[in-house]
Amino acid sequence: MDDLRKIKIAEVEELRLKGYNPYPYKFEKTHSNREIKEKYSKLENGQTVEEDNVNVAGRVMTIRYHGKSSFFVLKDSEDRLQIYINQNAVGKERYELFKEHIKIGDFVGVKGFPFKSKTGEVTVFTKDIEILSKAIRPMPEKWHGIKDKEIIYKQRYVDMIANDASIKNFKIRFEIIKAIREFLWQKGFVEVETPVLHHLTGGASARPFVTHLNVYDINMYLRIALELYLKRYIVGGFEKIFEIGKCFRNEGISYKHNPEFTMIEIYQAYADYNDMMDLTEEMISYVVKKVLNTEKIVYQGVEIDFSRPWKRIKMRDFIAEKLGVDILEDPEEKLIQVLEKYDSVPEIKDRGHLIEKLWDLVEDEIVQPTFLMDYPVEISPLAKRHREDPRVTERFEPIIFGREIGNAFSELNDPVDQLQRFLKQQELRNMGDEEAQMLDLDFVRALEYGMPPTGGLGIGIDRIAMFLTDSPSIRDIIPFPTTKPDEEVAKEYEDILNVNKT
RNA sequence: GGGCCGUUAGCUCAAUAGGUAGAGCAACUGAUUCUUAAUCAGUAGGCUGCAGGUUCGAUUCCUGCACGGCCCA
């Protein structure tokens, strides 16, 4: 155990002996820091409002001592507020308490009245002060904050204490989710829930996490997508539904990928993928405007304009334009030739995988919000065949800054075709493609009871949050990203753990 | 999985053609009743990520490992 902690723990005991509770139960907070700042912003410099009693509370961030008077700064969930305290006003006993035992990092409650300092800062004049919680760890550096990524990700609470920008990013994230809910509720969608534990995974191409259900002694998977259960709702009679929830993919971690991430999926009966394109651009531009009060953002130095309408282009046309190859008509040998030039021939060389690789070569060239339409049937096992060309499906992905932010189709509701598609996926699995989808016979059976024509849409919430916060890494907008376990923390408590053993 | 970079005080960072580690903030002791990165004087704080190697001597050079970051698959 480290010395500073020992001293602080001793101080906590000392406070108790002196009759103060270092961890009291409650404080009657009447105003947030922001409310104080807004309400009293128009005071003249030096003007006081002694008749207004305000109770504020928060964490002490800095203290500026001046002998028998001091200024300090309280941080609450919204803002920072300056507090003034002097011995004449609070009495010697309270001022001694402040000077000796209220330190940076502690939570305090202040009762007083507002005034504006000579230099023009809205400040609360302390009439009474109490400790609300003693911190026994040193706070990070007050000016530079925390820069060590390991601390930032593994001890996010420290990052949030020190770096106001992190809190701001998380607030934007949660406002995005709130705006999506608002939008969909206004449109008459019902928010539903589906299981996280699945007997089979489906709805996406990804490796799942495996877990064990003791009571049935069976392995189960954490969901990789919401899709197949949401469609069961549509079979059952729901017409407009959505779910926002965590999905889990047991794959690499990168600036774009976290093993658990947040998806929204939306299903609308009697709609097709054209309707879903309209819904997507309407919803996303609504959210961007609601959260940032503009439709144009700058992401990593590039301006992105979310205003409607978004561009709509066919995958076949786009790849033909960029690579001079027709993904539907040209023989597979020609596709391979092109891929060889870029040294990215896939292991499994069927047309679907070849096309996917070709697309990977050019996706960076789409920057502004664009719907890339009509994916080949081989790589779209849950999408309905195109009404004009059965080699492709009525599927699109919204692309922004070269990244897929979602996936949508006219949902496949022909149970016989669906079973065939699943069997194709089985073949791929047998060929070693661990990401191919599992055969979900109960889902086929559900479709056999009849699912109305349906448009479906999934969007990665994390990716949207990255754009709206200008974050280069997904870890910057996931409050507690997946990390390796923190071995250091056990070392910090080694003494105590060893003492308890003996 | 491969390549490159990093790891020094609680935090943010210095340093050395190999010669026993410094600053600011935080902490501690004083001074200071309108400051705001307050100021001034002083004190304390380090197995330089871990384990080996080379050397009279390693924080510095070499190897391996751990953790992190960036790029690639």
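Naming convention: chains lettered A, B, ... in sequence-line order (proteins, then strands); numbering from 1 in each chain. Side-chain atoms are counted along with the backbone in the values below, which use heavy atoms only and exclude waters and symmetry mates.
Projected onto RNA chain B by closest heavy-atom contact, A:D343 and A:I151 fall at different nucleotides, the more 5' of which corresponds to A:I151. Annotation: of the two residues near RNA chain B, A:N86 and A:P140, the 5′-most nearest-nucleotide partner is A:P140.
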Q) Going through the distances and angles, do A:K246 and A:E260 end up as a salt bridge (charged side-chain N to carboxylate O under 4.0 Å, His left out)? A) CA-CA 6 Å; A:K246 285 278 182 74; A:E260 60 177 288; 2.8 Å; yes

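Under a 3.5 Å cut-off, the side chain of A:R463 and the backbone N or O of A:G406 do not form any donor-acceptor pair. Judged by distance alone, with hydrogens and angles left aside, the side-chain atoms of A:Q368 form a donor-acceptor pair with the main-chain N or O of A:D305 at under 3.5 Å. Within the 3.5 Å criterion, the main-chain N or O of A:P481 finds no donor-acceptor partner in the side chain of A:R475. Of the possible polar contacts, none joining the A:R223 side chain to the A:H198 backbone as a donor-acceptor pair under 3.5 Å is found.
Using cut-offs of 30° and 60° for the angle between ring planes, the A:Y84 and A:F125 rings count as tilted.
With a cut-off of 3.5 Å on both pairing distances, the Watson-Crick or G-U wobble partner of B:G68 is B:C5. Remark: B:A21 base-pairs with no nucleotide; criterion is Watson-Crick or G-U wobble with both hydrogen-bond distances under 3.5 Å. The nucleotide B:U29 finds its pairing partner in B:A41, both defining distances of the Watson-Crick or G-U wobble pair being shorter than 3.5 Å. Pairing for B:U35 is absent, judged as Watson-Crick or G-U wobble with the two contacts each under 3.5 Å.
Judged purely by distance below 3.5 Å, without hydrogens or angles, the side chains of A:Y95 and A:S70 pair a donor atom with an acceptor atom. Side chain to side chain, A:T262 and A:R173 meet the donor-acceptor criterion of an N or O pair below 3.5 Å. No side-chain donor-acceptor contact under 3.5 Å links A:Y153 and A:D148. For A:S205 and A:E435, the side-chain atoms include no donor-acceptor pair closer than 3.5 Å.
Contact annotation for A:E150: backbone-only contact, meaning every heavy-atom pair under 4.0 Å involves sugar-phosphate atoms and none involves a base. Residue contacts for A:F115: at a heavy-atom cut-off of 4.0 Å it reaches a base atom on one of the strands shown. Contacts of A:G105 with the nucleic acid, taken as non-hydrogen atoms under 4.0 Å apart, are absent. The residue A:D148 sits close only to the backbone: its heavy atoms come under 4.0 Å of sugar-phosphate atoms, none of a base. At a threshold of 4.0 angstrom between heavy atoms, the contacts of A:K68 include nucleobase atoms, whether or not backbone atoms are also involved. A:K142 comes within contact range of the sugar-phosphate backbone alone, with a heavy-atom separation under 4.0 Å but no base atom that close. As judged by a 4.0 angstrom heavy-atom cut-off over every strand, A:K116 is placed among residues making no nucleic acid contact.
Taking atom C1' in both B:U59 and B:A73, the straight-line distance is 35 Å, to the nearest Å. On the C1' atoms, B:U35 is 16 Å away from B:A31, given to the nearest whole Å. Taking the P atoms as reference points, B:C67 lies 24 Å from B:G53, given to the whole Å. Comparing B:U60 with B:G6, their P atoms are spaced 13 Å from each other, to the whole Å. B:G18 and B:C5: their C1' atoms are spaced 23 Å apart (whole Å). Rounded to the nearest Å, the gap between the C1' atom of B:C72 and that of B:A38 is 50 Å. Separating the P atom of B:A17 from that of B:U39 is a span of 34 Å, rounded to the nearest Å. The C1' atoms of B:G19 and B:U48 are separated by 16 Å, rounded to the nearest whole Å.
At least one side-chain nitrogen or oxygen of A:R64 sits closer than 4.0 Å to the OP1 or OP2 atom of B:A38.
Each of B:G10, B:C28, B:C34 was ranked by its minimum atom distance to the side chain of A:P138; first place goes to B:G10. Distances were taken from every side-chain heavy atom of A:K154 (C-beta onward) to each of B:U32, B:A26, B:C67; the shortest belongs to B:C67. When distances are taken from the side chain of A:S117 to each of B:U12, B:A38, B:U35, the shortest belongs to B:U35. With distances taken from any side-chain atom of A:K484 to the nucleotides B:U35, B:C28, B:C67, the minimum falls on B:C67. Nearest nucleotide to the side chain of A:Y65, out of B:U35, B:C28, B:U32: B:U32.
What separates CZ of A:R80 from P of B:U35 is a distance of 21 Å, to the nearest Å. Rounded to an integer number of Å, the gap from NZ of A:K147 to C1' of B:C11 is 11 Å. The CZ-C1' distance, from A:F71 to B:C34, rounds to 4 Å in whole Å. Between the CD1 atom of A:I83 and the C1' atom of B:U33 there is a distance of 17 Å, given to the nearest Å.
Between the side chain of A:Y84 and the base of B:U33, at least one donor-acceptor pair of N or O atoms lies under 3.5 Å.
Geometrically, A:R156 does not engage A:F480 in a cation-pi contact defined by less than 6.0 Å to the ring centre and at most 45° from the axis.
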Output one line per pair: protein atom, nucleotide atom from nucleotides 69-72 of chain B, and distance, for all N/O pairs under 3.5 Å.
| from | atom 1 | to | atom 2 | distance (Å) |
| --- | --- | --- | --- | --- |
| B:G69 | OP1 | A:R475 | NH1 | 2.8 |

Using a cut-off of under 3.5 Å, enumerate the N/O to N/O pairs linking the protein to nucleotides 48-50 of chain B.
none

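No salt bridge links A:E175 with A:K171; every basic N to acidic carboxylate O contact stays at or beyond 4.0 Å.
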